[in-house]
J.: 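One structure, as structure tokens, below. Some questions next.
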Amino acid sequence: MTTPLPITSNNSGQTRSNFTSHSLPSGCGAVSSGKKIWIDLENTPHIPFFKPIIRELEKHGHTVVLTARDAFQVCELATRFGLKYTKVGRHYGKNRLLKVWGLAWRSLQLLSFVLWERPVLGLSHGSRAQILLCNLLRIPTVMIMDYEHARTPPLVRPRWEIVPEVLFKENLHCKTKERIRKYTGIKEDVYAPEFKPDPALRQQLQLSDNNVIVTVRPPATEAHYHNPESETFFVQFMDRIFRTPGVQAVLLPRNKAQETQIKASWPQWFVGSKVIVPKEAVDGLNLLWYSDLVVSGGGTMNREAAALGVPVYSIFRGKSGAVDRDLQSQGKMILIESIEDVQRKIKLTSREKNELPASGPRTALREIVEQIEDIIRLDCRN
């Protein structure tokens, strides 16, 4: 595995209508046979998750076309992963009215892409804009999801769902049980087995070999499921890091606005490289692997750490999902539920990193692709 190159603007792709296309060789030749599947990338975790799925779908003879929302470093990471995509739309913040407006506007922006590409299936990990547009155009949709408490209005409910087996009996978005499919494990099992550590990351971020390294992800303050208690836990933990010698944190804000707000509110954290914010998108799995522990207010990073066997503490205080509860029961994640937990349960200790992460065969990728193939056979007649 090589160290990722700095991100540069890629303007070499063709432009259709008001869209900007970005492309790099993906290593997978496009296949003209099979069905055309449209994947919409709305958040950074979608990129590593969908890359192996895209590869396998192309092996099965399908053509995959991608759109990406310009938010949370989605486009930067998609470019770095060598994905060909069309950039469409952006994020509209946490204001509810703006969220509704942004959903409708991005769906309209996507219309030109869909009319040009004519996909027979929309596939996402929760893209409301894609699902809304596909429902209006009567294109079947598949939503892969792993959190059962996200609110979904009727117009943005998918036709099919694929979920981890621990969610199968929960109250999900599809009301017809036959349209809910399941897979073994968690979504991070799709791509974690392919991970190869790159020790150059420590030098890239100037991490001291003598320090305990903590990766910290702030809560998603703009999400509808956000609980302000998560912010309290975050501040308490960061203050603890600030006061503890021999501990260094890598902070991963969710966007530039959050980074600016944190630096303005607590400038003391960043004195003397005690807390580092990467200047560009980094390989998330690589960072987690070279961390001694992870503390995060978001689901994906927590579950990625659990998949790699890295000690992880969740400060997420929204409704606890079935996947997190299952990981807690297996001892792979610790849920932080009080200020006392912040001080006592989180262990600021180093761990042994000489061994490679477990890379044995996991069935999540195969089962998800099989479910998509079966849905195509049942519901995509064109």
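On a predicted model such as this, the values are computed, not experimentally measured, just so you know.
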J.: Indicate the atoms forming the closest heavy-atom contact of P52 with V190, along with that distance.
T.: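 Heavy atoms of P52 and V190 come nearest at CG-CG1, 3.7 Å.
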
J.: Could you tell me which residues satisfy side-chain hydrogen bond (donor to acceptor under 3.5 Å, both in side chains) with R202, sequence neighbours excluded, listed by chain and number?
T.: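 By the side-chain hydrogen bond (donor to acceptor under 3.5 Å, both in side chains) rule, R202 matches D209.
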
J.: Classify the ring geometry between F50 and H46 as parallel (under 30°), tilted (30 to 60°) or perpendicular (over 60°).
T.: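 Perpendicular, since the angle between the ring planes exceeds 60°.
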
J.: Write down the atom of I162, the atom of Y183, and the distance for their closest heavy-atom approach.
T.: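 Where I162 meets Y183 most closely, the heavy atoms are CG2-CD2, 3.7 Å.
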
J.: Aromatic rings F113 and W38: how do their planes relate, parallel, tilted or perpendicular, breaks at 30° and 60°?
T.: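 Taking W38 first and then F113, their aromatic rings sit tilted (interplane angle of 30° to 60°).
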
J.: Apply the test side chain to side chain contact (heavy atoms under 4.5 Å, CB included) to residues H62 and K36: give CA-CA distance (whole Å), side-chain angles for both, the deciding distance (0.1 Å), then the verdict.
T.: CA-CA 6 Å; H62 302 293; K36 181 176 284 189; over 6 Å; no

J.: Is any NZ, NE, NH1 or NH2 atom of the basic residue among E165 and K182 found under 4.0 Å from an Asp or Glu carboxylate oxygen of the other?
T.: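 Salt bridge absent between E165 and K182.
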
J.: Are more than 12 heavy atoms, taken from residues, nucleotides or ligands other than L136, located less than 6.0 Å from that residue's CG atom?
T.: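 Yes, the 6.0 Å shell around CG holds more than 12 heavy atoms from other groups.
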
J.: Rounded to the nearest 0.5 Å, how far does CG of L121 lie from SG of C380?
T.: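 Here the rounded value is 4.5 Å.
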
J.: Is it the case that more than 12 heavy atoms not belonging to Q206 sit under 6.0 Å from its CD atom?
T.: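 Atom CD in Q206 is not crowded, with 12 or fewer foreign heavy atoms closer than 6.0 Å.
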
J.: Kindly assign one of parallel, tilted or perpendicular to the pair W101 and W105, based on the angle between their ring planes and the thresholds 30° and 60°.
T.: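 Rings of W101 and W105: parallel, under 30°.
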
J.: My understanding is that only residues two or more places apart in sequence, or in another chain, count here; which of them pass side-chain hydrogen bond (donor to acceptor under 3.5 Å, both in side chains) with N135?
T.: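 N135: no side-chain hydrogen bond (donor to acceptor under 3.5 Å, both in side chains) contacts found.
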
J.: Looking at residues at least two apart in the chain, or sitting in another chain, which of them share a side-chain hydrogen bond (donor to acceptor under 3.5 Å, both in side chains) with D40?
T.: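 Applying side-chain hydrogen bond (donor to acceptor under 3.5 Å, both in side chains) to D40 gives T67, R106, S127.
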
J.: Quick one: does L365's side chain get under 4.5 Å of I53's, heavy atoms only?
T.: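 Contact flag for L365/I53 side chains = yes.
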
J.: Got F233 and I339 here, is their nearest side-chain heavy-atom distance under 4.5 Å?
T.: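 SC-SC contact between F233 and I339 confirmed.
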
J.: Do we get R351 above W289's six-membered ring, with its NZ or CZ under 6.0 Å from the centre and within 45° of the axis?
T.: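 Yes, R351 sits over the ring of W289.
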
J.: Quick one about Y85 and T79 (side-chain donor to acceptor, distance below 3.5 Å, no hydrogens or angles considered), yes or no?
T.: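 Yes - a donor-acceptor pair under 3.5 Å links their side chains.
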
J.: First locate atom CG of L41, then atom CD of Q130, and finally report the distance between them rounded to the nearest 0.5 Å.
T.: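 If I round to the nearest 0.5 Å, the distance is 9.5 Å.
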
J.: Listed by chain and number, what are the side chain to side chain contact (heavy atoms under 4.5 Å, CB included) partners of V277, not counting sequence neighbours?
T.: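 For V277 the side chain to side chain contact (heavy atoms under 4.5 Å, CB included) partners, ignoring immediate neighbours, are L251, P253, E259, K263, F270.
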
J.: Between G126 and S124, what is the shortest heavy-atom contact and its length?
T.: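 Result for this residue pair: N-OG, 3.2 Å.
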
J.: If the condition is side-chain hydrogen bond (donor to acceptor under 3.5 Å, both in side chains), which residues does Q330 pass it with, not counting sequence neighbours?
T.: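 If we apply the side-chain hydrogen bond (donor to acceptor under 3.5 Å, both in side chains) test to Q330, skipping adjacent residues, the hits are D326, K332.
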
J.: Check whether F234 and L287 end up in the same hydrophobic cluster, where Ile, Leu, Val, Met, Phe, Trp and Tyr are linked by side-chain heavy atoms less than 4.5 Å apart.
T.: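 They do not share one cluster, since no chain of ILVMFWY contacts under 4.5 Å joins F234 to L287.
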
J.: With a 4.5 Å cut-off on side-chain heavy atoms, are L83 and I47 touching?
T.: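 Yes, at least one pair of side-chain atoms sits under 4.5 Å.
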
J.: Of the options V216, V214, L207, V294, which is the one that meets V250 in a side-chain contact (heavy atoms from CB on, under 4.5 Å)?
T.: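 The single option meeting the side-chain contact (heavy atoms from CB on, under 4.5 Å) with V250 is L207.
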
J.: Salt-bridge test for E370 and R366: reply yes if a basic N is under 4.0 Å from a carboxylate O, no otherwise.
T.: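 Salt bridge present between E370 and R366.
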
J.: Answer yes or no: is there a side-chain heavy-atom contact under 4.5 Å between M145 and E161?
T.: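 M145 reaches E161 side chain to side chain.
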
J.: If you compare all heavy atoms of W269 against all heavy atoms of V235, which two are closest, and at what distance to 0.1 Å?
T.: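 Smallest heavy-atom distance, with atoms named: CZ2-O, 4.0 Å.
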
J.: Is there a side-chain hydrogen bond (donor to acceptor under 3.5 Å, both in side chains) between N302 and S314? Walk through the geometry before answering.
T.: CA-CA 7 Å; N302 289 338; S314 174; 3.3 Å; yes

J.: So, applying side-chain contact (heavy atoms from CB on, under 4.5 Å) with I186, which one of V166, D146, D324, V323 is it?
T.: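 One option only clears the test, and that one is V323.
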
J.: Look at E56 together with K51 and state whether they make a salt bridge at an N to O cut-off of under 4.0 Å.
T.: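 No, no charged N to carboxylate O under 4.0 Å.
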
J.: Nearest 0.5 Å, what's the CD-CD1 distance between E229 and I336?
T.: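 If we round to the nearest 0.5 Å, E229:CD and I336:CD1 are 11.5 Å apart.
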
J.: Is it the case that over 12 heavy atoms from other parts of the model lie below 6.0 angstrom from the CZ atom of R344?
T.: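 Atom CZ in R344 is not crowded, with 12 or fewer foreign heavy atoms closer than 6.0 Å.
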
J.: Under a 4.5 Å cut-off applied to non-hydrogen side-chain atoms, are L348 and R240 in contact?
T.: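 SC-SC contact between L348 and R240 confirmed.
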
J.: Of all the heavy-atom pairs spanning W160 and D379, show the shortest one and how long it is.
T.: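 Result for this residue pair: NE1-OD2, 2.8 Å.
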
J.: Which heavy atom of V114 sits nearest to which heavy atom of I139, and what is that distance?
T.: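 Smallest heavy-atom distance, with atoms named: CG1-CD1, 3.8 Å.
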
J.: Given side chains that start at C-beta, do those of L201 and D283 come closer than 4.5 Å, heavy atoms only?
T.: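 Side-chain contact under 4.5 Å: no.
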
J.: Rounded to the nearest 0.5 Å, what's the gap from OH on Y290 to CG on L285? Could you check?
T.: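 If I round to the nearest 0.5 Å, the distance is 12.5 Å.
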
J.: Do T300 and K187 have side-chain atoms, one donor and one acceptor, less than 3.5 Å apart?
T.: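 Indeed, the side chains of T300 and K187 share at least one donor-acceptor pair under 3.5 Å.
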
J.: Does the pair I368 and I144 meet the rule for a side chain to side chain contact (heavy atoms under 4.5 Å, CB included), with working shown?
T.: CA-CA 9 Å; I368 287 174; I144 307 173; 3.9 Å; yes

J.: May I ask you to test the E42-H125 pair for a side-chain heavy-atom distance under 4.5 Å?
T.: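 E42 vs H125: side chains apart.
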
J.: For E304, enumerate each residue passing the salt bridge (Lys or Arg N to Asp or Glu O under 4.0 Å) test, keeping only those at least two apart in sequence or located in another chain.
T.: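 Once residues adjacent in sequence are excluded, E304 has no partner under the salt bridge (Lys or Arg N to Asp or Glu O under 4.0 Å) criterion.
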
J.: Report the distance from atom CD of E352 to atom CG of D292, rounding to the nearest 0.5 Å.
T.: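 Going from CD on E352 over to CG on D292, the span is 10.0 Å.
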
J.: How long is the gap from CD1 on I346 to OH on Y313, to the nearest 0.5 Å?
T.: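 Going from CD1 on I346 over to OH on Y313, the span is 7.0 Å.
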
